[in-house]
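The structure appears below as structure tokens.
Atoms within a ligand are numbered from 1 in the order they appear, just like the ligands themselves. Computation of the quantities below employed the complete heavy-atom set of this structure, encompassing side-chain atoms and omitting hydrogens, waters and symmetry-equivalent molecules.
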Amino acid sequence: MEHRRHLRFHDRRHKVYSFAVYVAGAAALLTVAHSARVPQLTARETAIVSLLALFVVLGELLPITIRRGDTVELYTFSSTAALGLVVIGPVWIAVAALLPAAFLRDEFRRSRPMFRTLFNLARCAISLVAARAVYDTLSHHGLLGSFTPHFAPRDLAPALVAGLVYFTINVCLVACVFALHQGAPAFSLLPEFLRSEAPMGLTLLAVGPIVLVALEFSPLTAPLCLIPVLAVRAGALSASKRENQALHDQLTGLPNRTLLLQRARRAVASSAGEAAVAVVFIDLDRFKEINDAMGHQVGDQLLAQVAAKLRETARPGDTIARLGGDEFAVLCPEVTDSASALEIGNGVVTALTGVIDMQGVSLRVEASAGVALSPLHARDVDSLLQRAEIALYRAKGSRRGSVLLYDERFDESSVERLTLMGQLSKGLDDELVVSYQPKCRLSDGAIVGAEALVRWQHPTLGLLSPARFLDSAEKTGLILPLTEQVFRQVVEQWRRWRDAGLDLSISVNVSAANICDPMLPAVLGRVLEEHPAPRRRFLVEVTETSAVTDLESATRVLEQLRELGLGISIDDFGTGHASLAHIRDLGPVEVKIDRSFVASSTTNDRDLAIIRAATELGHGLGLAVVAEGVETAEQLELVAEVGCDLAQGFFILPPVTADELASWVSRPHVWPRHIHPASPAAASQLVET
Ligand code: C2E
Ligand code: MG
Ligand code: MG
């Protein structure tokens, strides 16, 4: 058993230790040479010894390579036969078979440095001689040079102890040389080595006496002797495959987070001098939308192509990892400064940005990246990765396709937000709840509609208002799935109310990021296909400000929503700077006068004048006018007086659950004098807004 690891520095202790092992090896060889006699063998004994020697050579020349993360472990099967030869003796035969084979393997298969080959040969010589010495002592068979062809039952225990000694000496010698090579205390790696080597190493040695008994029974059993060895080999290979799989992402074959962490730890631990370790976190923009709209198969193919592109950008020594979903990372173990790390991040994003052709569909791919360096931003790996992630989320929030270097000012709120968004993405399906606030028709007091308002039932923080999470959801690309989820709940709720005899039109709010997103119509359209309902019963509320910020994209998306049959409502009307022409182009059916004007309408004439003008403007365009945020009877009367068609506000009812709204609607209400109450039954009739 041998290990090949990445070692960087030598020290004097290591050299002294190696020298001591060479000397001990030479002494062992001298002892062997001194005791060497050619035994008189029968034809059968010659066959047994030759077969064992052949197994030793074959085992040495056909080693099995096991990858454990980045550690390559090399197991040879020679130990089984070597123990057989040790037991039979004389020991020079075992040495003569094993050492040249080990030498050949090192020279031809591995082309490793000479000092390592010498160390390896010395190790073999020491362990063989020690094993035989122990066997001789315990079995009273005599000296190193003696030939003991008959393996009796009483020899079993001494043989097994000899195997244990052989194993222990080998592992100790190797573990110490590795520890010293790394500058660690000599025995610090011993427990780890013993733990990892024992299952396989001891099993192979335990097979030794069995092989011996079988060969003594008949040399013709030689092929059968290979079976347990091959079984161990197969088991080890499949275990190593499983271990390898556990460290790699199945879809792309890239290292996963665990392996990235291992490598990052090693890189940070061994980085010295001027060099820094950089981590670049990468996230595809709008991947979830592509995945949802085009299906997981296309999503998977896209990820595989992204992985391939990332591999092309990698420099030697870099690790490209997939962290999950559409998140990737690049670990650069040696960068000179933050400028060059940023350059790497920019290179990656540029390489990923572009159009990928997928099953005849051209998909535009964009990515954002966050970069952090050790030791500049963090000394330990966990913080380093966390900071790269914070920088990534900042980058995603600033604009698509941007790359940011971590900055302390990205601070704690980022961590908090990051945590919250991580939780939101998990809780999207079952922690979002929708409240409903009724819309009252001012001509007769009938409840004709409701506005859906999202809340997040957070497992530990309680019920969170949209102000706590919407902004971050917009910045982290969670807003479309959130809107989809709210819309799905709304359509399902419409059906339940309708089945209970309550037919309301329901408004759903969409964010600024939503209405510039060409995926929105497809996503809402799919929900409507899954849950058929009359589309004119649903309104999409868009704030005036968000509609005019990117008027061109918004107009396009809103047009598609109208084509789906959905109505458009301009929310918070009066707070943006939309011209009449803009409003007309957006094609709404309704405007909602912002609650700030309503709040001061009874005290401030200017605000009342604005409400009046906005109402006239809305009516001029043929739109329904809603007054939002009506908190008092006085305000309700006033907005009814100026001609608003509908009103919404705490005075009528604050947002409540769907069930509460249904039972509230079924009760009679007393309205102020300007409103002529409709019978409660009117609410259950089909009323258009
Ligand atoms: P909005 O669309 O203007 O919704 C009206 C907000 O005013 C709601 O706050 C509502 O609770 C509150 N409100 C209603 N009547 C009164 C009143 O008489 N007085 C006062 N002071 N406030 C009143 P909420 O639920 O906290 O929502 C805040 C904003 O969050 C909404 O403003 C909307 O822009 C956004 N929002 C809510 N749900 C969603 C959603 O599902 N998706 C998106 N994208 N945005 C949403
Ligand atoms: Mg609204
Ligand atoms: Mg509003």
Side-chain angles (χ1 to χ4, degrees), residues 424 428 431-440 449-457 463-491 493 505-517 520 523-524 527 538-547 554 557 561 567-576 588-602 611 614 624-636 638-639 644 646-658 660-661 689:
L424 180 60
L428 218 50
E431 286 168 16
L432 287 186
V433 289
V434 179
S435 290
Y436 295 88
Q437 188 177 34
K439 275 167 152 178
C440 165
E451 177 175 6
L453 295 157
V454 70
R455 279 95 184 81
W456 176 13
Q457 187 63 60
L463 195 66
L464 301 184
S465 75
R468 280 290 296 275
F469 58 91
L470 276 184
D471 194 37
S472 305
E474 279 211 28
K475 290 190 172 131
T476 52
L478 277 176
I479 194 67
L480 188 63
L482 180 144
T483 303
E484 179 185 358
Q485 176 61 21
V486 170
F487 191 56
R488 180 169 287 114
Q489 288 196 33
V490 160
V491 179
Q493 186 54 50
S505 72
I506 312 183
S507 310
V508 176
N509 292 281
V510 297
S511 299
N514 283 147
I515 56 159
C516 300
D517 186 344
L520 180 72
V523 167
L524 300 191
V527 173
F538 302 99
L539 295 181
V540 172
E541 289 193 13
V542 184
T543 64
E544 184 187 4
T545 319
S546 64
V557 171
L561 292 179
I568 308 297
S569 167
I570 307 293
D571 204 353
D572 303 348
F573 187 58
T575 55
V589 293
E590 172 188 276
V591 287
K592 297 180 78 173
I593 299 173
D594 190 64
R595 65 167 180 265
S596 58
F597 303 113
V598 177
S600 48
S601 59
T602 45
I611 297 179
V625 178
V626 186
E628 312 187 291
V630 174
E631 291 182 351
T632 63
E634 204 184 349
Q635 287 169 359
L636 187 68
L638 204 70
V639 295
C644 291
L646 300 154
Q648 184 184 338
F650 290 169
F651 178 70
I652 300 163
L653 191 72
V656 290
T657 65
E660 282 165 350
L661 183 70
T689 48

Under 4.0 Å, heavy-atom basis, I'd like to know which part of [X] is in contact with ligand 1: side chain, backbone, both or neither.
| X | value |
| --- | --- |
| Ser511 | both |
| Arg595 | side chain |
| Val486 | side chain |
| Leu470 | side chain |
| Thr483 | neither |

Shortest protein contact, [atom] (heavy atom only):
| atom | answer |
| --- | --- |
| atom 39 (C) of ligand 1 | Val454 CG1, 3.5 Å |
| atom 15 (N) of ligand 1 | Gln437 NE2, 2.9 Å |
| atom 34 (O) of ligand 1 | Asn509 OD1, 4.3 Å |
| atom 21 (N) of ligand 1 | Glu631 OE2, 3.0 Å |
| atom 31 (C) of ligand 1 | Leu453 CD2, 4.2 Å |
| atom 28 (C) of ligand 1 | Pro466 CG, 4.0 Å |
| atom 13 (N) of ligand 1 | Phe650 CE2, 3.6 Å |

Close-contact set for ligand 1 against [X] heavy atoms, below 4.0 Å:
| X | answer |
| --- | --- |
| Val630 | 18 (O) |
| Asp572 | 3 (O) |
| Val510 | 44 (N) |
| Asp571 | 1 (P), 2 (O), 3 (O) |
| Gly629 | 16 (C), 17 (C), 18 (O) |
| Pro655 | 11 (O) |
| Glu628 | 3 (O) |

>> Is Arg455 close enough to touch ligand 1? Criterion: a residue heavy atom under 4.0 Å from a ligand atom.
In response: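 Contact present.
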
> Would Glu451 count as a contact of ligand 1 if the rule is a heavy atom under 4.0 Å away?
Replying inline: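 It does; at least one heavy atom falls under 4.0 Å.
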
>> For the backbone of Lys439 and the side chain of Glu451, can you confirm whether one donor and one acceptor N or O come within less than 3.5 Å of each other?
In response: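 Looks like no, no N/O pair under 3.5 Å.
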
>> Closer than 4.0 Å and a protein heavy atom, does any atom meet both conditions relative to atom 19 (N) of ligand 1?
In response: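 So far as the 4.0 Å threshold goes, atom 19 (N) of ligand 1 is in reach of a protein heavy atom.
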
> Would you say atom 2 (O) of ligand 1 has a protein heavy atom nearer than 4.0 Å?
Replying inline: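 Yes.
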
> Do any N/O atoms on Gly649 end up under 3.5 angstrom from N/O atoms on ligand 1?
Replying inline: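 No; every N/O pair is 3.5 Å or more apart.
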
> Quick check: does Asp572 have an N/O/S atom under 2.8 Å of the Mg ion (ligand 2)?
Replying inline: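 It does not; every qualifying atom lies at 2.8 Å or beyond.
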
> Of all the atoms in Asn509, is at least one N, O or S atom closer to the Mg ion (ligand 2) than 2.8 Å?
Replying inline: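 A backbone or side-chain N, O or S atom of Asn509 is under 2.8 Å from the Mg ion (ligand 2).
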
> Which atom, counting only N, O or S, brings Glu451 closest to the Mg ion (ligand 2)?
Replying inline: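 For Glu451, the N, O or S atom at the smallest distance from the Mg ion (ligand 2) is OE2.
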
> What is the name of the N/O/S atom in Asp571 that sits closest to the Mg ion (ligand 2)?
Replying inline: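 Result: OD2.
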
> By atom name, which N, O or S atom of Glu628 is the nearest to the Mg ion (ligand 3)?
Replying inline: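 In Glu628, the N, O or S atom with the shortest distance to the Mg ion (ligand 3) is OE2.
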
>> Show the nearest heavy-atom pair for residues Ala614 and Ile593, with the distance to one decimal.
In response: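 Result for this residue pair: CB-CD1, 4.0 Å.
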
> Can an N, O or S atom be found in Glu541 less than 2.8 Å away from the Mg ion (ligand 3)?
Replying inline: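 Coordinating: no.
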
> Do Val540 and Val508 have side chains that get closer than 4.5 Å, going by heavy atoms?
Replying inline: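 Contact flag for Val540/Val508 side chains = no.
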
> Taking it one step at a time, do Leu470 and Leu482 satisfy side chain to side chain contact (heavy atoms under 4.5 Å, CB included)?
Replying inline: CA-CA 9 Å; Leu470 276 184; Leu482 180 144; 4.0 Å; yes

>> With side chain to side chain contact (heavy atoms under 4.5 Å, CB included) as the test, pick out the partner of Ile568 among Ile515, Leu561, Val589, Leu539.
In response: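 Passing option: Leu561.
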
